[in-house]
Amino acid sequence: MVPARIEIGQKHKQPDEASSRASWNTPRSDTRGGMSYATRMASSFALTSIMTVLVLVGVVAVVWSGVFSDYTRANMTEIAQSTAHRLAEEYEVNGSWSISYLASVAESTLSSDDIGLQVVDETGTIVYDDSWSPSAVVSATQASAGSGKPNTHSLISSAPTDASASVTRDIELSDGSVVGQVRLWVFGSDALLSKADTAFRDRTFNAMFLASIIAVAISVIIGILVSRMLTNPLRRITGTAKLIRDGDLSARTGLKGDDEIDRLGETFDEMATSLEKDLKHERRITSDVAHELRTPLMAMLATVEAMQDGVMPADDEHLETVASETRRLSRLVQQMLDLSRMENRTTPLKLEQVDTVAFVRRIVDGQQQLFSDHDLWLRFSDDTQGRPSDIEADPDMITQAVVNLMSNAMRYTPEGGRVVVSVRADRRNVMIIVSDTGIGIAKEDLSRIFGRFWRADASRAREAGGLGVGLSVTKQIVERHHGYISVESELGKGTTFTIHLPREHTSEPSSSTIEH
């Protein structure tokens, strides 16, 4: 079996300045309203989609409308150019155009009946106009019979006066002479959009609007699904936290995975497990402290009442029983007081230059008789190999720390066992090592042995007179000296505690590390 090992240490922290004001509330019920995180996330997706669609539609509407207008104008220009070319060919053959010919050209050339055609001769006279009514054209033709040309001066055209609302092309003969102009426009439209073009544009915008609605709907659905996927673990963590708050310490999220929320859930479960252990340990501490204090009190009370009732004589033997229990009670209270003072750092350090080898040797010599009475073999070993072992320390505190470790070894080492106290040194630290052949410490308990009132075997420790604060006091003493403690143990073979003390009194202690 590989022995387990742990090193304990903490950084020193200055106590925060106490505030004169404080407040506390009992847990309140969850009646707070407002939009949930999932709803906010889904709304954010929808709002983002709507803004994207609006920007896209706006850009497309502006750009596409301009491009489409250019397309319709180019298309109308091509029709006008083709019509001018046909009229030029007719003029070269016949020297003029008849109304019937112009009407046939308009009917065969124009792709839509909402496109207007106007033909003007070289003098600027309108020869043909789609906006004239057929009866007016007939009357004008009859009135000019014999002249060879229709008299159209009395006819009124509805062609647009704005040049940008129509397309005009010259009727140019093969010799380069211009005999007139062809003008095209769209009835009721200044943008040269025919009914077909307008219908195409409207269908396009309707399709864009439908696509926008579908995009927003898909975005909302995705937002709802994603928000639920993200918030379900959070709701589980919140629900578990409420259960723990309400007293169910066994509640766990059960989250497992590799993403951040799953790792948060795993960490939360580990924290809940640690909290459950700590609260159970706290209940055990309360029970143990009450028992430890009650035992000597009950013994004293029983003896005193017996002497008062005359059952027992008030002699030295019975008075010694009361005194012994009083001393035991005093020791227990003093241990708790020492631990409190160490944790609150109210006990000042009285630093001196200490020769660790000679110092620890005197401690071991003073404990020899006590260990012999318990049938234990105690020995001191100087393992410094000639290196200096001087440190700056408080002798009384270091004595208490070493005696605590030795008492712990004596308490958990069976009769006939061995306890060795040795001193080692390196360039930076001096180590005080207490090794025993006792029952050992379980691997899972190593990280908790320095907790307040912790005992691996409560009944055995109580019989041995221990309250479980000795190691806590020792840890606090070592940390006050900016050192740390390491522990190696194997069940059934023994335990070794090593106090590491720096040669120089630095401002920062070592941090905690755990090794297995």
Side-chain angles (χ1 to χ4, degrees), residues 4 6-11 13 15-16 18-19 21-52 215-287 343 442-454 456 472 475 511-516:
I6 182 173
E7 296 182 358
I8 300 294
Q10 289 184 328
K11 292 186 177 181
K13 295 183 180 178
D16 296 334
S19 173
R21 300 180 61 186
S23 63
W24 184 83
N25 294 320
T26 57
R28 60 181 178 181
S29 59
D30 296 320
T31 57
R32 289 167 289 182
M35 188 180 295
S36 66
Y37 178 75
T39 304
R40 289 199 301 268
M41 180 173 290
S43 300
S44 299
F45 270 84
L47 182 60
T48 302
S49 177
I50 291 173
M51 293 301 297
T52 302
V216 172
I218 292 176
S219 179
V220 170
I221 294 173
I222 293 176
I224 293 174
L225 295 177
V226 171
S227 63
R228 286 183 177 178
M229 181 179 65
L230 294 178
T231 56
N232 281 339
L234 296 178
R235 281 195 291 267
R236 290 177 63 180
I237 294 175
T238 303
T240 304
K242 291 178 182 177
L243 291 175
I244 294 176
R245 182 196 65 184
D246 295 337
D248 184 6
L249 300 181
S250 63
R252 298 293 183 271
T253 66
L255 293 175
K256 301 290 183 181
D258 297 327
D259 60 38
E260 290 79 359
I261 297 181
D262 288 336
R263 287 198 294 268
L264 173 63
E266 292 178 6
T267 305
F268 184 89
D269 286 347
E270 293 172 359
M271 180 192 68
T273 300
S274 177
L275 177 63
E276 183 180 15
K277 290 181 179 178
D278 290 342
L279 291 178
K280 289 181 179 179
H281 184 52
E282 181 181 345
R283 296 189 185 102
R284 174 181 164 183
I285 288 172
T286 303
S287 175
E343 291 180 337
K443 181 178 180 180
E444 60 273 12
D445 291 334
L446 279 180
S447 61
R448 296 183 290 170
I449 61 175
F450 292 96
R452 300 173 64 176
F453 306 105
W454 186 89
S472 297
K475 173 178 176 288
S511 60
S512 302
T513 60
I514 297 178
E515 301 176 8
H516 297 291

Quiz item: Can you name the nearest heavy-atom pair linking Ile449 to Asp445, along with the distance?
Solution: CG2-O, 3.1 Å
Quiz item: Any idea which heavy atoms bring Ala272 and Ala251 closest together, and the distance?
Solution: CB-O, 4.3 Å
Practice problem: Please examine the side chains of Asp259 and Asp262, heavy atoms only from C-beta on, and report whether any two atoms are closer than 4.5 Å. | Solution: yes
Rounded to the nearest 0.5 Å, what separates atom [atom1] in [X] from atom [atom2] in [Y]?
X      : Y      : atom1 : atom2 : result
Leu234 : Ile261 : CG    : CD1   : 4.5 Å
Met271 : Thr273 : CE    : OG1   : 9.5 Å
Ile237 : Leu264 : CD1   : CG    : 4.0 Å
Arg263 : Leu255 : CZ    : CG    : 12.5 Å

Quiz prompt | Asp248 side-chain N/O to Ile244 backbone N/O, donor-acceptor pair under 3.5 Å | solution = no
Quiz item: Is it true that a side-chain atom of Thr240 and a backbone atom of Arg236 form a donor plus acceptor pair closer than 3.5 Å?
Solution: yes
Quiz item: Ion pair present between Arg252 and Glu276, side-chain N to carboxylate O less than 4.0 angstrom?
Solution: yes
Practice problem: Please step through side chain to side chain contact (heavy atoms under 4.5 Å, CB included) for the pair Leu225 and Met229, ending with a clear verdict. | Solution: CA-CA 6 Å; Leu225 295 177; Met229 181 179 65; over 6 Å; no
Quiz prompt | Arg235 atom CZ, over 12 foreign heavy atoms within 6.0 Å | solution = yes
